[in-house]
Amino acid sequence: MRLAEVLAVSGLAKKAPFHLLPAGSEYQGAHCRFISQAELQIWLNERKQPEFPPDEQERGIYLPDVYASDFYFCEQQHNYISTLAYMRMINDLLPLEIENYELAFAAFVLLHEYGHWLHFRRCHKSGLDYVLWLNKFLAPVERQREILDLLPNTEPVKEALVAEHIDVYNAMPQELSANKYALKHVAGLYAKLIK
């Protein structure tokens, strides 16, 4: 099943702007964009709010147009720590058969990204203000992740450090909100997907 099909079953396409990234393009994973490239460029160059209305067409949730199995594989390759964290949450919640891991993962990530979109909308901030606010929490956690990525998997303390990092990452307001939404709805969506 492709992520577009997971989205169709979820019914969320009517509730938020979703964008499918073409197959074969550079892998970007699933993510939310709260600010347009033009707004971001003005901020980076001039450190000021853009003086034009935001480009709503660029905002929204981006999903790669791939099969759930390919998505799971790519996420393991590019975002191993997040994939591990999500699968631990899913396994704690749902009884899964190994052949359905990819589908459960795709369902969770779709709901997680929609949870980010809801959090953004509920904060009543401009896209730029929201991104700047997120970076206050994200920057130190990302530095920690970069250090973890440098450690070889054979390092004895790496597993404990990864577990600690996952806890810190998931405690950020935006991740807490997105995970809460996904965990609340993943069982229902998963049940629909495996029918």
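Worth saying up front: this structure is predicted, and the values here are computed from it rather than measured. Atom set for the values below is all heavy atoms of this structure, side chains included, hydrogens, waters and symmetry mates excluded.
Classification of the Trp133-Tyr130 ring pair by plane angle, with boundaries at 30° and 60°, yields tilted.
Between Met89 and Asn170 there is a side-chain heavy-atom pair separated by less than 4.5 Å. Counting only heavy atoms from C-beta outward, the side chains of Leu21 and His31 approach each other to under 4.5 Å. Using a 4.5 Å heavy-atom cutoff, the side chains of Phe105 and Met87 are in contact. A heavy-atom distance below 4.5 Å is found between the side chains of Phe108 and Asn179. Side-chain contact between Ile90 and Tyr101 is absent, with no heavy atoms from C-beta onward closer than 4.5 Å. In this structure the side chain of Tyr169 reaches within 4.5 angstrom of the side chain of Leu138, judged on heavy atoms.
When only modelled atom types and interatomic distance are considered, Gln174 and His119 share no side-chain donor-acceptor pair under 3.5 Å. Between the side chains of Tyr27 and His78, not a single donor N or O lies within less than 3.5 Å of an accepting N or O.
Atoms OG and CG, on Ser69 and Leu103 in that order, are 9.5 Å from each other to the nearest 0.5 Å. The distance from atom CG of Asp129 to atom CG of Leu134, rounded to the nearest 0.5 Å, is 11.0 Å. To the nearest 0.5 angstrom, Arg145 atom CZ is 5.0 Å from Ile81 atom CD1. The distance from atom CD1 of Ile61 to atom CG of Leu7, rounded to the nearest 0.5 Å, is 8.5 Å. Interatomic distance, CD1 of Ile147 versus NE2 of His165, reported as 10.5 Å (0.5 Å rounding). With values rounded to the nearest 0.5 angstrom, Lys15 atom NZ is found 15.0 Å from Arg121 atom CZ.
The two residues Ala30 and Pro64 come nearest to each other via the heavy atoms N-CD, 4.0 Å. Taking every heavy atom of both residues into account, Gln144 and Glu164 meet most closely at NE2-OE2, 4.0 Å. Residues Lys136 and Pro140 come closest through the heavy atom pair O-CD, 3.7 Å. Of all the heavy atoms in Lys158 and Leu148, the pair that sits closest is NZ-O, 3.1 Å. Across all non-hydrogen atoms, the minimal contact from Leu183 to Leu93 is O-CD2, 3.3 Å. Residues Ala106 and Leu3 come closest through the heavy atom pair CB-CD2, 3.5 Å.
By the neighbour-count criterion of 12 heavy atoms within 6.0 Å, atom CD of Glu155 is densely surrounded, having more than that number from other residues, nucleotides or ligands. Around the NZ atom of Lys184, the shell of radius 6.0 Å holds no more than 12 heavy atoms that belong to other residues, nucleotides or ligands. Within 6.0 Å of the OH atom in Tyr62, the count of heavy atoms belonging to other residues, nucleotides or ligands exceeds 12. Other residues, nucleotides and ligands place more than 12 heavy atoms under 6.0 Å from the CD atom of Glu99.
Hydrophobic cluster membership is shared by Tyr114 and Phe71, with clusters built from Ile, Leu, Val, Met, Phe, Trp and Tyr side chains linked at under 4.5 angstrom. By the rule that hydrophobic residues join a cluster once side-chain heavy atoms approach within less than 4.5 Å of another member, Val109 and Leu176 end up as members of separate clusters. One hydrophobic cluster, built from ILVMFWY side chains closer than 4.5 Å, cannot hold both Leu150 and Tyr80; they sit in different ones. Leu84 and Leu151 fall within a single hydrophobic cluster, where Ile, Leu, Val, Met, Phe, Trp and Tyr side chains are chained together by heavy-atom contacts under 4.5 Å. Leu161 and Met172 fall into different hydrophobic clusters, where Ile, Leu, Val, Met, Phe, Trp and Tyr are joined by side-chain heavy atoms under 4.5 Å apart, directly or via other members.
Of the residues Leu63, Leu12, Leu111, Leu193, the one that meets the side chain to side chain contact (heavy atoms under 4.5 Å, CB included) test with Val6 is Leu193.
In this structure, Arg59 contributes its side chain and Phe34 its backbone to a donor-acceptor pair below 3.5 Å. In this structure, the side chain of Glu113 engages the main chain of Cys32 through a donor-acceptor pair within 3.5 Å. At distances below 3.5 Å, at least one donor-acceptor pair connects side-chain atoms of Thr83 with backbone N or O atoms of Asn79. Side-chain N or O atoms of Asn100 include none that pairs as donor or acceptor with a backbone N or O of Leu96 at under 3.5 Å.
The salt bridge (Lys or Arg N to Asp or Glu O under 4.0 Å) test applied to Asp65 returns Arg2, not counting sequence neighbours.
In this structure, the ring of Phe120 has its center less than 6.0 angstrom from the ring center of Trp117.
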